[in-house]
Amino acid sequence: MAAPIPNGPYGIAKRGEQSLTLNDSKAPAVVLPPTGQPGEQEWHVESLSNGNVTIKNLRHETYLSFDGVPEINKMLRGSSQATEWQLRQSAEPQTFHVVVPGGPVDGVELAVDLSLLRIFPPMTALRPLEPERLDQAWRFEFHE
């Protein structure tokens, strides 16, 4: 089972111009407008033989990940350990839910979404997957 997009560098954005950003190698993954810092908002998506992907920040060479086991509201951050993700096509082209593989945790599947914490910059966290919610999906823009 191949990943739905080719390997390579991507900008990963929410609706509008808010992009997944890593300001430091082990920092929390946040969502910001363009920062102008090369690579902070660019991610290398690599497919694995099982159909999952890893998502690695180009500037800091660390992976989109979380500490310990996946749980609701667990914050996402950079990690030297590669974490596997499943990309699930949403209703729009080039737009995917980024899901923790391996099935439900406590009865729900978990996806990368904005944290419920109302702080700036907005943090990312694992949230229950709601496939019908387009605002939970991410647009993957290939960077030549």
Side-chain angles (χ1 to χ4, degrees), residues 1-23 25-35 39-144:
M1 180 173 128
I5 55 174
N7 291 350
Y10 288 84
I12 302 176
K14 281 286 192 198
R15 67 224 167 279
E17 293 307 310
Q18 303 282 327
S19 292
L20 191 61
T21 307
L22 198 64
N23 299 114
S25 57
K26 301 288 173 73
V30 295
V31 179
L32 287 171
T35 61
E40 276 187 351
Q41 295 179 313
E42 287 191 287
W43 301 83
H44 186 82
V45 176
E46 183 81 36
S47 340
L48 307 170
S49 55
N50 61 6
N52 295 338
V53 300
T54 58
I55 300 175
K56 182 161 88 172
N57 184 267
L58 288 183
R59 178 168 192 165
H60 301 294
E61 297 283 304
T62 49
Y63 293 91
L64 182 66
S65 189
F66 49 83
D67 292 325
V69 296
E71 296 168 332
I72 292 177
N73 297 325
K74 176 86 52 113
M75 294 297 188
L76 296 165
R77 63 174 188 82
S79 169
S80 48
Q81 297 293 108
T83 295
E84 293 188 22
W85 301 98
Q86 225 175 46
L87 297 185
R88 295 226 193 124
Q89 180 69 54
S90 79
E92 293 179 350
Q94 294 304 110
T95 305
F96 302 92
H97 292 274
V98 181
V99 181
V100 176
V105 176
D106 297 331
V108 295
E109 287 197 284
L110 296 176
V112 176
D113 199 358
L114 297 180
S115 158
L116 297 180
L117 294 177
R118 298 283 173 239
I119 57 174
F120 185 86
M123 315 275 274
T124 55
L126 296 176
R127 298 286 306 144
L129 173 65
E130 300 177 62
E132 67 290 343
R133 276 190 47 214
L134 273 179
D135 66 341
Q136 194 181 54
W138 298 83
R139 193 173 67 250
F140 282 69
E141 295 168 347
F142 191 77
H143 288 195
E144 294 299 327

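Not measured: the values here are computed from a predicted model.
Closest of all the heavy-atom pairs between Q41 and P34 is OE1-CA, 3.2 Å. Nearest heavy atom pair, residue G107 against residue P104, reads C-CB, 3.8 Å. When every heavy atom of R88 is checked against every heavy atom of L129, the shortest pair comes out as NH1-CD2, 3.3 Å. Contact record, E40 with T35: OE1-OG1, 3.1 Å, taken as the closest heavy-atom pair. The nearest pair of heavy atoms linking L114 to P122 is CD2-CB, 4.4 Å. Across all their heavy atoms, T62 and G78 have their closest contact at OG1-CA, 3.9 Å.
Here CG of N52 is found 11.0 Å from OG1 of T83. Values are rounded to the nearest 0.5 Å. Expressed to the nearest 0.5 Å, how far CG of N57 lies from CD of E42 amounts to 9.0 Å. Here K56 contributes atom NZ and E61 contributes atom CD; the two are 4.5 Å apart, rounded to the nearest 0.5 Å. For the atom pair CD (Q18) and CH2 (W138), the distance works out to 9.5 Å, reported to the nearest 0.5 Å. Here CG of N73 is found 12.0 Å from CE of M123. Values are rounded to the nearest 0.5 Å. In this structure, the separation between CG on L48 and CD on Q86 is 11.5 Å, given to the nearest 0.5 Å.
Ion pair D113/K14 flagged as a salt bridge, since at least one NZ, NE, NH1 or NH2 atom sits closer than 4.0 Å to an Asp/Glu carboxylate oxygen.
The side-chain heavy atoms of V112 and I55, taken from C-beta on, include no pair separated by under 4.5 Å. Taking the side chain as every heavy atom from C-beta outward, N50 and E84 approach each other to under 4.5 Å. Looking only at side-chain heavy atoms (C-beta outward), R59 and L22 stay at 4.5 Å or farther from each other.
Legend: ring-ring contact (aromatic ring centres under 6.0 Å, His included) pairs involving residues 86-136, not counting sequence neighbours, sorted by first then second residue: F96-F140. For residues 49-73, the set of pairs meeting the ring-ring contact (aromatic ring centres under 6.0 Å, His included) definition, not counting sequence neighbours, comprises F66-W85.
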| task | Apply side-chain contact (heavy atoms from CB on, under 4.5 Å) to the pair I72 and D106, showing each step before the final yes or no. | result | CA-CA 9 Å; I72 292 177; D106 297 331; 5.8 Å; no
| From CA spacing to verdict: side-chain contact (heavy atoms from CB on, under 4.5 Å), L117, M75 | CA-CA 10 Å; L117 294 177; M75 294 297 188; 3.2 Å; yes
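Side chain of Q136 to main chain of P128: a donor-acceptor pair is present (N/O by atom type, distance under 3.5 Å, no hydrogens or angles). Using modelled atom types, one side-chain atom of S90 and one backbone atom of E92 make a donor-acceptor pair closer than 3.5 Å.
Other residues, nucleotides and ligands contribute over 12 non-hydrogen atoms within 6.0 Å of the CD atom of E132.
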Report, one line per pair, each donor and acceptor closer than 3.5 Å where one atom sits in a side chain of residues 5-12; sequence neighbours left out.
residue : atom : partner : partner atom : Å
N7      : OD1  : S47     : N            : 2.7
N7      : OD1  : S47     : OG           : 2.7
N7      : ND2  : E46     : OE2          : 3.3
Y10     : OH   : P6      : O            : 2.6

